[in-house]
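Report on the following structure.
Along the sequence shown, residues carry numbers from 1. All heavy atoms count here, side chains included; hydrogens, waters and symmetry mates do not.
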Amino acid sequence: MSATGNHRRRKSTSLTRGLIAVTTGGAALVLPLVGAGFASAAPAQSATAEKAAASTVATAKGKTAQKDAPTIYSVIAGDTLAKIAREHSLSGGWQKLYEDNREIVGDNPAGIRPGMKLTIGVQAESKTAAPAAKPATYTNDLDGWIKESLAVMAKHSIPGSYDGIHRNVMRESSGNPLAINNWDSNAAKGTPSKGLLQIIDPTFRAYHVPGTPMDSYDPIANITAACNYAADRYGSIDNVFGAY
């Protein structure tokens with residue numbers, strides 16, 4: 001064997017082959033294909049994120065459904081639609097509560113009674129193709145004035161009924177919104193009683209209900225202010241059966 005046979009170069013390792021490649025221009029550095037195992041981890045992370053997002057959406061939907069679920073409320077003494085709507089933070093206020101329960105309450109929004117079962121929540125929205133509620137309209141007469149006043153009173157939690165107001169109006173003014181008393185002790189003091197429920201100007205100003213005209217002859221303003229005063233002094237206009 002020749003002497004050169006003892007000095008043959010060892011074969012290059014696989015790593016070396018991965019790092020060095022001979023080109024026509026000489027040696028060039030070639031990065032080995034490492035990290036293939038890491039690339040396969042990306043889809044797993046993506047799937048985990050998708051599952052987490054889906055879980056979050058499902059949880060949010062569950063909370064929304066629970067929040068929107070209607071509640072059945074049993075009316076107790078002293079309740080008004082405005083009070084119930086306020087205590088339950090009902091979107092749409094007493095008007096929404098009234099529209100949802102009109103079949104139970106009746107035509108008079110102030111006519112709720114202890115024991116009535118009212119639905120508080122999304123009842124109106126759940127009705128298929130339910131027509132939008134039209135604004136209430138009232139006739140320009142005693143019947144319409146009382147009904148409109150009751151709607152304003154319900155909004156401000158002022159107690160009173162149609163019969164209680166009508167009874168006192170007929171006694172005080174016979175239904176004449178321009179009636180004025182120029183002969184009693186109040187008139188002698190320069191503050192005659194005016195309007196449907198014969199209220200004097202100082203009392204009218206003290207118990208005026210926001211949203212109504214500042215005019216004691218205005219039927220709605222007169223009724224609501226007088227009922228507000230009666231509620232403060234007697235508990236309700238329904239408790240008034242004589243001069244007040």
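In this structure, C227 and M153 approach most closely via the heavy-atom pair CB-CE, 3.7 Å. Contact detail for A221 and D215: the closest heavy-atom pair is CB-O, 3.6 Å. The shortest heavy-atom contact between W145 and G175 is CZ3-O, 4.0 Å.
Cluster membership for I146 and Y217, using ILVMFWY side-chain heavy atoms within less than 4.5 angstrom, is not shared. Linking Ile, Leu, Val, Met, Phe, Trp and Tyr whenever their side-chain heavy atoms come within less than 4.5 Å puts V105 and I76 in one cluster.
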D141 and T139: CA distance, side-chain angles, deciding distance, side chain to side chain donor-acceptor pair (under 3.5 Å) verdict: CA-CA 6 Å; D141 54 20; T139 54; 2.6 Å; yes
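The backbone N or O of A110 lies less than 3.5 Å from no partner atom in the side chain of Y98, so there is not a single donor-acceptor pair. The backbone N or O of I104 sits nowhere less than 3.5 Å from a side-chain atom of N101 that would complete a donor-acceptor pair. Side-chain atoms of N168 come within 3.5 Å of backbone N or O of G164 as a donor-acceptor pair.
A salt bridge links K96 to D100: at least one charged side-chain nitrogen sits closer than 4.0 Å to a carboxylate oxygen. Note on E99 versus R102: salt bridge recorded, some NZ/NE/NH1/NH2 to OD/OE distance being below 4.0 Å.
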All N/O donor-acceptor pairs, side-chain side in residues 234-241, below 3.5 Å, sequence neighbours left out:
residue	atom	partner	partner atom	Å
Y234	OH	Y244	O	3.4
S236	OG	D238	N	3.0
D238	OD1	S161	N	3.1
D238	OD1	S161	OG	2.9
D238	OD2	S161	N	3.4
D238	OD2	S161	OG	3.3
N239	ND2	Y234	O	2.9

Donor-acceptor pairs under 3.5 angstrom involving side-chain atoms of residues 81-95: please list them, not counting sequence neighbours.
residue	atom	partner	partner atom	Å
H88	ND1	I84	O	3.0

Review item, side-chain donor-acceptor pairs of residues 191-200, under 3.5 Å, at least two apart:
residue	atom	partner	partner atom	Å
T191	OG1	N186	O	3.3
K194	NZ	D201	OD2	3.0
Q198	NE2	A179	O	3.2
Q198	NE2	G195	O	2.9

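Side chain to side chain, Y73 and D79 meet the donor-acceptor criterion of an N or O pair below 3.5 Å.
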